[in-house]
Amino acid sequence: MSRIGKRPISVPKQVTLTINGQQVTVKGPKGELSRVLPPEVVVEQDGETVNVKRASESRTARQRHGLCRTLVSNMVEGVSNGFERRLEIQGVGYRASVQGTNLVLNVGYSKPVEMIPPEGIRVAVENNTNVIISGIDKEIVGNMAARVRAVRPPEPYKGKGIRYQGEVVRRKAGKTGKGGKK
């Protein structure tokens, strides 16, 4: 039995969860999320708690049991609290700014990189070097953060680039000199 899948999901008072066949819709103070779950799992609501169970004991049902429980749990948490990813920009002259809703990154390329966030995602910048990506869908927030990081991933020699807050980048030693030319 999946250890994650068998844990019940507690639904806060301000959140309403609707189950229509395999479609699960969650409404809360921050917004509304909906997802169609695979037919291998069954979602049951008992008042303040929601349980995700397997429809059968097949291999795919066992594989998707914990996944679907986590997806529903993330939907409930997203509409009640929301999700946030923080990125740090390190490097001389590297900075970020917000123009309208778009994120503009100056990270050493000849032109600034402009990124358009998906629907429902908010981007903020603190001190020109800290980017905050927030929204109610954990998957979209994480994808947007990964796309921003991919513009200039941290490099191991000087540590310059865009990294997640708290991410540790292993540094490498540079070339060692041989004494120079004669």
Enquirer: Between Glu155 and Lys158, does any side-chain N to carboxylate O distance fall below 4.0 Å?
Expert: no
Enquirer: Check whether more than 12 heavy atoms from other residues, nucleotides or ligands sit under 6.0 Å from atom CZ of Arg163, and answer yes or no.
Expert: yes
Enquirer: Can you give me every donor-acceptor pair (side chain of residues 119-127, partner residue at least two apart or in another chain, under 3.5 Å) with its distance?
Expert:
none

Enquirer: CG of Asn20: more than 12 outside heavy atoms within 6.0 angstrom?
Expert: no
Enquirer: For Val11 versus Val76, what's the shortest heavy-atom pair and its separation?
Expert: CA-CG1, 4.5 Å
Enquirer: Taking all atoms of both residues into account, what is the closest heavy-atom pair of Gln14 and Pro29, and its distance?
Expert: CG-CD, 3.6 Å
Enquirer: Are Arg152 and Leu105 close enough that some pair of their side-chain heavy atoms sits under 4.5 Å apart?
Expert: no
Enquirer: Side chain to side chain contact (heavy atoms under 4.5 Å, CB included) between Glu32 and Met75: does it pass, once the steps are laid out?
Expert: CA-CA 9 Å; Glu32 177 182 345; Met75 288 167 58; over 6 Å; no
Enquirer: How about Val148 and Met144: do any of their side-chain heavy atoms sit closer than 4.5 Å?
Expert: yes
Enquirer: Going from CZ on Arg85 to CD1 on Ile133, what distance comes out if it is rounded to the nearest 0.5 angstrom?
Expert: 9.0 Å
Enquirer: Does Val42 belong to the same Ile/Leu/Val/Met/Phe/Trp/Tyr cluster as Leu71, with side-chain heavy atoms less than 4.5 Å apart forming each link?
Expert: no
Enquirer: Answer yes or no: is there a side-chain heavy-atom contact under 4.5 Å between Gln45 and Leu17?
Expert: yes
Enquirer: Out of curiosity, does Ile140 fall in the hydrophobic cluster containing Val131 (side-chain heavy atoms, cut-off under 4.5 Å, transitive links)?
Expert: yes
Enquirer: Let me check something: do Val141 and Ile162 share a hydrophobic cluster, defined by ILVMFWY side-chain heavy atoms less than 4.5 Å apart, either directly or through other members?
Expert: yes
Enquirer: Might you point out which heavy atoms bring Leu37 and Val41 nearest each other, and give the distance in Å?
Expert: CB-CG2, 4.1 Å
Enquirer: Might you point out which heavy atoms bring Tyr94 and Gly108 nearest each other, and give the distance in Å?
Expert: CE1-N, 3.6 Å
Enquirer: Same hydrophobic cluster for Met115 and Tyr109, using side-chain heavy-atom links shorter than 4.5 Å among ILVMFWY?
Expert: yes
Enquirer: Would Thr129 and Gln90 count as a side-chain hydrogen bond (donor to acceptor under 3.5 Å, both in side chains) here? Give the steps.
Expert: CA-CA 7 Å; Thr129 58; Gln90 291 187 353; over 6 Å; no
Enquirer: With the threshold set at 4.0 Å, does a side-chain nitrogen-carboxylate oxygen contact exist between Arg86 and Glu88?
Expert: no
Enquirer: If you take all heavy atoms of Val104 and Pro112, which pair is closest and at what distance?
Expert: CG1-CB, 3.7 Å
Enquirer: Which atom names give the shortest non-hydrogen contact between Glu167 and Pro154, and what distance separates them?
Expert: OE2-CG, 4.3 Å
Enquirer: Atom NZ in Lys27, atom OG in Ser34: separation rounded to 0.5 Å?
Expert: 10.0 Å
Enquirer: From Lys30 NZ over to Asp137 CG, what is the distance, rounded to the nearest 0.5 angstrom?
Expert: 14.0 Å
Enquirer: What verdict does the side chain to side chain contact (heavy atoms under 4.5 Å, CB included) test give for Thr25 and Leu33, after you've listed the backbone C-alpha separation in whole Å, the side-chain angles of each residue and the deciding distance to 0.1 Å?
Expert: CA-CA 6 Å; Thr25 305; Leu33 289 173; over 6 Å; no
Enquirer: Can you tell if the side chain of Arg69 reaches within under 4.5 Å of the side chain of Ile4, non-hydrogen atoms only?
Expert: yes
Enquirer: Group every Ile, Leu, Val, Met, Phe, Trp and Tyr by side-chain heavy-atom contacts under 4.5 Å, then state whether Tyr164 and Val151 land in the same group.
Expert: yes
Enquirer: Just wondering, more than 12 heavy atoms not from Tyr157 lying within 6.0 Å of its OH?
Expert: no
Enquirer: Do Asn130 and Leu87 come within less than 4.5 Å of each other through their side chains, counting heavy atoms only?
Expert: no
Enquirer: Kindly compute the distance separating CD (Glu44) from OG1 (Thr49), expressed to the nearest 0.5 Å.
Expert: 10.0 Å
Enquirer: If you round to the nearest 0.5 Å, how far is CZ of Arg147 from CG of Leu103?
Expert: 10.0 Å
Enquirer: Taking atom NZ of Lys13 and atom OG1 of Thr16, what is their separation to the nearest 0.5 Å?
Expert: 13.5 Å
Enquirer: Keeping the roles fixed (side chain from Gln22, backbone from Pro38), state whether a donor-acceptor pair exists under 3.5 Å.
Expert: yes
